[in-house]
Engineer: 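Provided herewith is a single structure, encoded as structure tokens, for subsequent inquiry.
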There are 2 protein chains.
Amino acid sequence: MISTKQPISIEQPESTSLVAFIRSTIPMPHEKAQDIAAQFQPRILKRHEYVLQEGNIGKEAFFLESGYLRAFVNDPDGNDVTINIFAPNSFVNNLVSFFRREPSEENIQAVTDCVVWAISYDALQTLFHGMPEFREFGRMMLIMNNLALKDRIVSMIRNTAEERYAALLQSKPDVFQHVPLKMIASFLGITDTSLSRIRRDFAQK
Amino acid sequence: MISTKQPISIEQPESTSLVAFIRSTIPMPHEKAQDIAAQFQPRILKRHEYVLQEGNIGKEAFFLESGYLRAFVNDPDGNDVTINIFAPNSFVNNLVSFFRREPSEENIQAVTDCVVWAISYDALQTLFHGMPEFREFGRMMLIMNNLALKDRIVSMIRNTAEERYAALLQSKPDVFQHVPLKMIASFLGITDTSLSRIRRDFAQK
DNA sequence: TAATCCACTTGTCATTTGGCAAGAAACTTC
DNA sequence: GAAGTTTCTTGCCAAATGACAAGTGGATTA
């Protein structure tokens, strides 16, 4: 029997990939992870749609279920610099802007149509205060991000552009099927021209 | 009269620069910051001394009061790659190893004699659990680190070596008086040879 | 279907950077 | 204080990368 005081139970969609992602980040009971995932709302992004524009403060954080996003900044010469490419099963956010509540210097935009799960800043704060596991999850996001950035810096210092290309090709081959090479080149720290030559030479080996 | 049950009150040294650092990171009453700072122990590091060696798990976190440290990794060719240079008034730590309790891939070593304030992992956990302000402080350390790493990546992608040199010279001129150019070159992502030429050309302008 | 736009490639040439080796100067160590 | 080590500089040349311009092909649109 349905209570008249409660809203009618709405079928709440749920992302199994988000639950799996949460549990792989911080081990916790399945139900706990489901409670967390239930705070996320599904959304479809069209290609070229922004989830964050520079100058704004991030209102939501996202889990990317399918599709590709990129983060980029505009440099003084009018070129844009791709600073990150997000593949499915990633947590997408400008953590600095989001947690410090300050205007973002970067943009985050859908490269392809995407399915994401969004959580508002307020809902996230509620989770932070009420659920220690989630606090850990947030901290782990920051730490993993840190690790990834540091690895990238080491790679920029000590590897050639070709080595960085080969590494990306191995770790995320799917990216090359969905993200324009121009953006990948920028992400790797080279021009699209150089990437094109690297690909040619690389294929001959 | 001195109690026989309590340890004799020992004069606890205190770092005013640490207190100032904490309060500039997270605004809080002076006394609160002093309570936090009181958990840190002063230590003198001799040049070349390690505070973290690869393969080990960080046991302590540090606030650097005076002197210079660097973080570096060894690459397969036997060269070392400087991934960070710490100047006075910095928080020094491999956050990833420290918070995840996993072996560090990087080394942290004194470049000059240093005065640091150390806090053990256990003391830090106690602070985390007992003092919400400190939880914020820890999170802010991660966020600021994130920001710095991202800025560096953008700089590696879009600036020339000479521009990166000029930026460092302006933001941290003191580093050039205390840290060997070889390490600075590695930090900037170039060889010491190239840095030497950049400095020569730069001086002529 | 024609026009347009965009992504990608290629050619040419200049610039930047690296690899290697040698030498000067400063610092360590015995 | 002599010998050895490290740091920094410089010369020479090769390799990597960028800037600019042109061209191809595919996708989109009118």
Side-chain angles (χ1 to χ4, degrees), chain A residues 46-49 68 70 72 75-82 85 109-113 153-169 174-205, chain B residues 46-49 68 70 72 75-82 85 109-113 153-169 173 175-205:
Chain A
K46 300 299 289 180
R47 193 152 91 103
H48 297 153
E49 189 176 337
Y68 293 82
R70 70 165 182 142
F72 68 96
D75 84 358
D77 310 334
N79 307 316
D80 61 35
V81 180
T82 296
I85 294 173
Q109 185 186 30
V111 176
T112 65
D113 292 352
I153 286 178
V154 172
S155 165
M156 294 288 281
I157 293 179
R158 85 198 210 188
N159 295 125
T160 63
E162 177 166 341
E163 288 166 340
R164 294 198 298 277
Y165 166 72
L168 182 60
L169 191 59
D174 52 309
V175 165
F176 290 87
Q177 264 112 54
H178 298 98
V179 180
L181 291 178
K182 186 197 294 196
M183 296 175 189
I184 295 175
S186 175
F187 175 72
L188 292 173
I190 53 177
T191 60
D192 58 340
T193 308
S194 287
L195 178 56
S196 178
R197 293 189 180 111
I198 286 171
R199 281 163 63 82
R200 178 187 58 199
D201 300 346
F202 197 82
Q204 288 179 353
K205 290 181 180 171
Chain B
K46 300 298 288 179
R47 194 153 89 102
H48 297 155
E49 189 175 337
Y68 293 82
R70 69 163 182 143
F72 68 96
D75 84 358
D77 309 335
N79 308 315
D80 62 34
V81 180
T82 296
I85 295 174
Q109 188 186 26
V111 176
T112 66
D113 293 351
I153 286 177
V154 172
S155 166
M156 294 288 282
I157 293 180
R158 86 198 211 189
N159 295 125
T160 64
E162 178 165 342
E163 287 167 340
R164 293 198 297 277
Y165 165 73
L168 182 62
L169 191 59
V175 164
F176 290 87
Q177 264 112 54
H178 299 98
V179 179
L181 290 179
K182 187 198 293 195
M183 296 175 190
I184 295 175
S186 176
F187 175 72
L188 293 174
I190 54 177
T191 60
D192 58 339
T193 307
S194 286
L195 178 57
S196 178
R197 292 188 183 113
I198 285 170
R199 281 163 61 81
R200 178 188 57 200
D201 299 346
F202 197 82
Q204 287 180 351
K205 292 181 180 172

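Everything numeric here is computed off the predicted structure, so don't read it as measured data.
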Engineer: Would you please name every residue forming a side-chain contact (heavy atoms from CB on, under 4.5 Å) with A/V111, sequence neighbours left out?
Structural biologist: A/Y68, A/R70, A/V179, A/P180, A/M183
Engineer: For B/T160 and for A/S194, locate the closest nucleotide of DNA chain C by heavy-atom distance; then report the residue assigned to the nucleotide nearer the 5' terminus.
Structural biologist: A/S194
Engineer: Can you sort out the partners of A/L181 under side-chain contact (heavy atoms from CB on, under 4.5 Å), two or more places apart, ordered by chain and number?
Structural biologist: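 By the side-chain contact (heavy atoms from CB on, under 4.5 Å) rule, A/L181 matches A/F176, A/I184, A/L195, A/R199.
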Engineer: Which nucleotide of DNA chain D is the first, and which the last, in the 5' to 3' direction, to come under 4.0 Å of a heavy atom belonging to chain A?
Structural biologist: D/dT17 to D/dC20
Engineer: Using whole Å, report how far CG of A/N159 lies from C1' of C/dT17.
Structural biologist: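 Between C1' of C/dT17 and CG of A/N159: 16 Å.
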Engineer: Grab the N/O contacts between the protein and nucleotides 24-30 of chain C below 3.5 Å, and write none if there aren't any.
Structural biologist:
| residue | atom | partner | partner atom | Å |
| --- | --- | --- | --- | --- |
| C/dT28 | OP1 | B/R47 | NH2 | 3.2 |

Engineer: Looking at residues at least two apart in the chain, or sitting in another chain, which of them share a ring-ring contact (aromatic ring centres under 6.0 Å, His included) with A/F72?
Structural biologist: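 Counting only residues at least two positions away or on another chain, A/F72 forms no ring-ring contact (aromatic ring centres under 6.0 Å, His included).
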Engineer: State, to the nearest 10°, the angle formed by the axis through the first five base pairs of the helix from C/dT1-D/dA30 to C/dC30-D/dG1 and the axis through its last five.
Structural biologist: 50°
Engineer: The test is salt bridge (charged side-chain N to carboxylate O under 4.0 Å, His left out); show your working for A/K46 and A/D113 and say whether it passes.
Structural biologist: CA-CA 5 Å; A/K46 300 299 289 180; A/D113 292 352; 3.7 Å; yes
Engineer: Strictly below 4.0 Å: does A/S196 bring a side-chain N or O up to OP1 or OP2 of C/dT9?
Structural biologist: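 Indeed, a polar side-chain atom of A/S196 lies that close.
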Engineer: Give a yes or no on whether the backbone of B/I198 and the side-chain of B/E162 come within a donor-acceptor separation of less than 3.5 Å.
Structural biologist: no
Engineer: C/dG18 P sits how many Å from A/I157 CD1, rounded?
Structural biologist: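 The answer, rounded to whole Å, is 11 Å.
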Engineer: Test of understanding: with side-chain contact (heavy atoms from CB on, under 4.5 Å), list the residues that count as partners of A/V154, not counting sequence neighbours.
Structural biologist: A/R158, B/V73, B/I83
Engineer: How long is the gap from NZ on A/K182 to CG on A/N79, to the nearest 0.5 Å?
Structural biologist: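 So the gap between those two atoms works out to 9.5 Å.
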Engineer: For A/R158 and C/dG19, what is the distance between atoms CZ and P respectively, to the nearest whole Å?
Structural biologist: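 So the two atoms are 14 Å apart, to the nearest Å.
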Engineer: Identify, with sequence neighbours excluded, every residue that meets ring-ring contact (aromatic ring centres under 6.0 Å, His included) alongside A/F187.
Structural biologist: none
Engineer: Taking side-chain contact (heavy atoms from CB on, under 4.5 Å) as the definition, give me every residue that meets it alongside A/T193, ordered by chain and number, with sequence neighbours left out.
Structural biologist: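 Here the qualifying residues are A/T191, A/R197.
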Engineer: For B/R164 and C/dT16, what is the distance between atoms CZ and C1' respectively, to the nearest whole Å?
Structural biologist: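 Those two atoms, CZ and C1', are 11 Å apart.
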Engineer: Quick check on C/dG18: is either OP1 or OP2 less than 4.0 Å from any side-chain nitrogen or oxygen of B/T193?
Structural biologist: no
Engineer: Using whole Å, what does the distance between atom P of nucleotide C/dT17 and atom CD of B/E162 come to?
Structural biologist: 8 Å
Engineer: In terms of side-chain heavy atoms of B/I198, which of C/dT9, C/dG19, C/dT17 is nearest?
Structural biologist: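 Closest nucleotide to the B/I198 side chain: C/dT17.
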Engineer: I need the OH-P distance between B/Y165 and C/dT17, as an integer number of Å.
Structural biologist: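 In whole Å, C/dT17 P and B/Y165 OH are 14 Å from each other.
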Engineer: Measure from CG on A/L195 to C1' on C/dT9 and round the result to the nearest Å.
Structural biologist: 11 Å
Engineer: Can you measure B/M156 atom CE to C/dT16 atom P for me and round it to whole angstrom units?
Structural biologist: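 The answer, rounded to whole Å, is 17 Å.
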Engineer: Under the rule for salt bridge (Lys or Arg N to Asp or Glu O under 4.0 Å), what residues qualify as partners of B/D192, not counting sequence neighbours?
Structural biologist: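 B/D192: no salt bridge (Lys or Arg N to Asp or Glu O under 4.0 Å) contacts found.
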Engineer: Under 4.0 Å, heavy atom to any atom of DNA chain C: which of residues 175-191 of chain B qualify?
Structural biologist: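 Going residue by residue through residues 175-191 of chain B, the ones with a heavy atom under 4.0 Å of DNA chain C turn out to be B/G189, B/I190, B/T191.
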Engineer: Can you find a pair of side-chain heavy atoms, one from B/M156 and one from B/I153, that are under 4.5 Å apart?
Structural biologist: no
Engineer: Give the C-alpha distance, both sets of side-chain angles, the deciding distance and a yes or no for side-chain contact (heavy atoms from CB on, under 4.5 Å) between A/L169 and A/F202.
Structural biologist: CA-CA 11 Å; A/L169 191 59; A/F202 197 82; 3.9 Å; yes
Engineer: Is there side-chain contact between A/Q109 and A/H48, with heavy atoms separated by less than 4.5 Å?
Structural biologist: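 In contact.
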Engineer: What is the minimum heavy-atom distance between A/R164 and A/I190, and which atoms define it?
Structural biologist: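 Shortest heavy-atom separation between A/R164 and A/I190 comes out as NH2-CG2, 4.3 Å.
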